[in-house]
Protein chains: 2
Amino acid sequence: MTAMTRARPLVIDSHRDANVCLTCGARALSVCHVIDEADLDKLSAASVTVSVQPGHTFIQEGDPAEHFFNVTAGTSKLYKLLPDGRRQVTGFAGVGYFLGLAVSSSYAFSAEALEPVKVCRFSRTKLRGLLDDFPALEKKLLEVASNELVVAQEQMLLLGRKTARERLASFLIARANMIPHCPGRGAANVAERIQLPMTRGDIADYLGLTIETVSRTLSKLRAEKFIEIPNNSEIVLLKHDAVEDIATGMA
Amino acid sequence: MTAMTRARPLVIDSHRDANVCLTCGARALSVCHVIDEADLDKLSAASVTVSVQPGHTFIQEGDPAEHFFNVTAGTSKLYKLLPDGRRQVTGFAGVGYFLGLAVSSSYAFSAEALEPVKVCRFSRTKLRGLLDDFPALEKKLLEVASNELVVAQEQMLLLGRKTARERLASFLIARANMIPHCPGRGAANVAERIQLPMTRGDIADYLGLTIETVSRTLSKLRAEKFIEIPNNSEIVLLKHDAVEDIATGMA
DNA sequence: AGCGCTCATTGACCCAGGTCAAGGTCCGCA
DNA sequence: TGCGGACCTTGACCTGGGTCAATGAGCGCT
């Protein structure tokens, strides 16, 4: 509900070295990994790296969709607004996320950095060129889009039919599962530490609730010893499986 | 909320003539239209036509995703269930709809025919073959998936943040806009006749409401002279623009 | 170390929409 | 042409989560 985004000098556009993609830490997590190492220079040539400061909106819903982005660092929230300011966060884009699938001629959502974010930016025309040169990339994008669609439908079920308690449980489980193979999982009651780069308000806007309900519901889960809340941006999942049962409506 | 789907002999699998695709009325509306007329025989060879009776579930959430479908007649509802029977309809698939995008190894949703439905069925492997032979088809699927994603995000906004009144208005406008170029639109107050092949219950499950709320809200809109309800499967939009304003939260 | 800001928590109250219940309408079928 | 069943409407009441308001906790800045 922050009324205005302050106009700090937020986007720093850095020009490109010979072959940034080769050393990119996000490559393994992103669509780029389908491109052969020998061809990475072409990928580097087609894009520029952009840094985005926390709080800055780098994609504006309704603007002409001139660019596509690949996230190489940090997390952003993706959202849509109603004229009176009601907000729906449609997702959180972390490292490896390809931004620009849900696009026709203009962006269908806005994107705002929650942390210092780095993205690889492609112009629409250059991306089209890459897709023609690398059919594997197109295949990969279709695969990614299909997965997004599955996630979107899961979210519709959540927003349309789940209780506040089930929504929070689902959110925590989804966040926990996105931790890249924390070893101590699989056994029933292993604690997991979940990072939350977003505020309670963002979580509320993602789950179709209010800040107060998010806060109350988390407090209740804590009182029931399902979770711990060491600080505002971390939650420890004490009973993964029990919370998963709540999430799926089985408890 | 129909507890069980009766096991009538519902799926009639008809073997394929030489070149069904050539005379297919749905071609202009579906992904197939990117395939050259000269190559349509290959498309025909890769698929079979299946008839589905109303009420029959021809895709079951969780089943291994062995087939993809292209709808050539009738409308189906796509939905997900929670263990206790709560249902979220994620969409309605009409003529031209490609079914199977939101798929990993198993189906993420169920599909049930609302009317007599005909689909073109492809096996996963045969579709893969087609995608390799016709890169344009892959491009088209990516485009379709992107549009689906836009629609899905719009639906998240609806489910997460709109009132019952706004949800119904949005639903009616979306249905009205899908009518293939009814000439008398564009002017402000032209009546539009909307076909509703689904029940109030299906609409409720689509909009995250109950049957009663859907019924009450439609009655209210009728009392306010925004719509007419000649019968259960038709609604006449008397004031398109006013309803559109309600839908977008501007009224 | 204390000010001021943003974010989170908690409580008291309220209301949009859910639940429960009683008809009403439509239609296919004998 | 009247019966049975599916679907829809309407009313009375209830409740999960929203609203409003006060307080607390963390933290950067001076």
Side-chain angles (χ1 to χ4, degrees), chain A residues 1-6 8 54-55 77 82 84-88 112 114-115 158-169 171 196-223 227-235 246 249, chain B residues 1-6 54-55 77 82 84-88 112 114-115 158-169 196-223 227-235 246 249:
Chain A
M1 309 287 169
T2 6
M4 56 174 186
T5 327
R6 282 169 311 276
R8 294 182 255 152
K77 64 175 171 196
L82 254 13
D84 62 3
R86 279 175 284 171
R87 183 189 313 256
Q88 180 64 38
E112 178 187 321
L114 298 173
E115 310 166 288
L158 180 150
L159 293 169
R161 290 301 180 215
K162 289 188 183 178
T163 64
R165 183 180 175 82
E166 290 164 353
R167 293 180 200 208
L168 262 303
F171 175 70
L196 301 177
M198 70 291 289
T199 67
R200 297 287 187 268
D202 295 332
I203 297 173
D205 287 341
Y206 181 56
L207 301 178
L209 301 169
T210 58
I211 294 183
E212 293 92 329
T213 299
V214 169
S215 189
R216 268 189 262 275
T217 307
L218 287 177
S219 296
K220 185 110 185 295
L221 290 172
R222 178 183 51 197
I227 61 170
E228 272 169 12
I229 310 177
N231 62 67
N232 285 341
S233 57
E234 271 179 328
I235 287 182
I246 297 173
Chain B
M1 307 288 170
T2 8
M4 55 173 188
T5 328
R6 283 168 311 274
K77 65 176 172 195
L82 286 169
D84 62 3
R86 278 174 286 171
R87 182 189 315 254
Q88 179 64 37
E112 178 186 320
L114 298 172
E115 310 167 287
L158 180 149
L159 292 169
R161 290 300 181 217
K162 289 189 183 178
T163 64
R165 182 180 175 81
E166 289 163 353
R167 292 179 201 209
L168 262 304
L196 300 177
M198 69 292 287
T199 67
R200 298 287 187 269
D202 294 332
I203 298 173
D205 286 342
Y206 181 55
L207 301 178
L209 301 169
T210 58
I211 293 182
E212 293 93 327
T213 299
V214 168
S215 187
R216 267 188 262 274
T217 307
L218 287 177
S219 297
K220 185 111 186 294
L221 289 173
R222 179 182 51 195
I227 61 171
E228 272 169 12
I229 310 178
N231 63 66
N232 284 342
S233 58
E234 272 180 326
I235 286 183
I246 298 173

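Labels below follow one simple rule: chain letters A, B, ... track the order of the sequence lines, proteins then strands, and each chain is numbered from 1.
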Problem - Sidechain N-carboxylate O distance under 4.0 Å for A:Arg161, B:Asp205 - result: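 Result for this pair is yes, salt bridge flagged.
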Handout entry: Any side-chain heavy-atom pair of B:Leu209 and B:Arg167 under 4.5 Å
Key = yes
Exercise for the section: Examine D:dT10: is either OP1 or OP2 under 4.0 Å from a nitrogen or oxygen in the side chain of B:Arg222? Give yes or no. Expected result: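 For D:dT10, OP1 or OP2 has a side-chain N or O of B:Arg222 closer than 4.0 Å.
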Problem - Spacing between B:Leu209 atom CG and D:dC8 atom P, to the nearest angstrom - result: 15 Å
Handout entry: Close approaches to DNA chain C from residues 210-220 of chain A, in residue order (heavy atom, under 4.0 Å)
Key = A:Ile211, A:Glu212, A:Ser215, A:Arg216, A:Ser219
Handout entry: Nearest-Å distance for atom pair CG/P, residues B:Leu221 and D:dT9
Key =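 Whole-Å distance recorded here is 12 Å.
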Exercise for the section: Answer whether the closest heavy-atom distance between the side chains of B:Ile203 and B:Leu207 falls below 4.5 Å. Expected result: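 Touching, per the 4.5 Å side-chain cut-off.
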Exercise for the section: In whole angstrom, give the distance that lies between atom NZ of A:Lys162 and atom C1' of D:dG17. Expected result: 18 Å
Practice task
Whole angstrom is fine here: how far is it from CG in B:Leu114 over to C1' in D:dA6?
Solution key: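 B:Leu114 atom CG is separated from D:dA6 atom C1' by 15 Å.
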Fill in the blank from the handout: Value for CD (A:Gln88) from OH (A:Tyr206), rounded to nearest 0.5 Å, stands at 9.5 Å
Exercise for the section: Could you pick out which residue, A:Gly208 or A:Asn232, lies toward the 5' side of DNA chain D when each is mapped onto its nearest nucleotide? Expected result: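 It is A:Gly208 whose nearest nucleotide is closer to the 5' end.
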Exercise for the section: Mind calculating the distance between CD1 (A:Ile229) and P (D:dG26) to the nearest angstrom? Expected result: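 Distance, rounded to whole Å: 13 Å.
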Problem - Spacing between A:Asn231 atom CG and C:dT9 atom C1', to the nearest angstrom - result: 15 Å
Handout entry: Gap separating the CD1 atom of B:Ile246 from the CG atom of B:Leu168, nearest 0.5 angstrom
Key = 10.0 Å
Practice task
Round to a whole Å and report the spacing from CZ of A:Arg167 to C1' of D:dG16.
Solution key: 11 Å
Problem - Any donor-acceptor N/O pair, B:Glu234 side chain to B:Leu196 backbone, under 3.5 Å - result: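 No, because the side chain of B:Glu234 does not come within donor-acceptor range (under 3.5 Å) of the backbone of B:Leu196.
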Completion exercise
Whole-Å distance, A:Ile235 CD1 to C:dA8 P, equals 11 Å
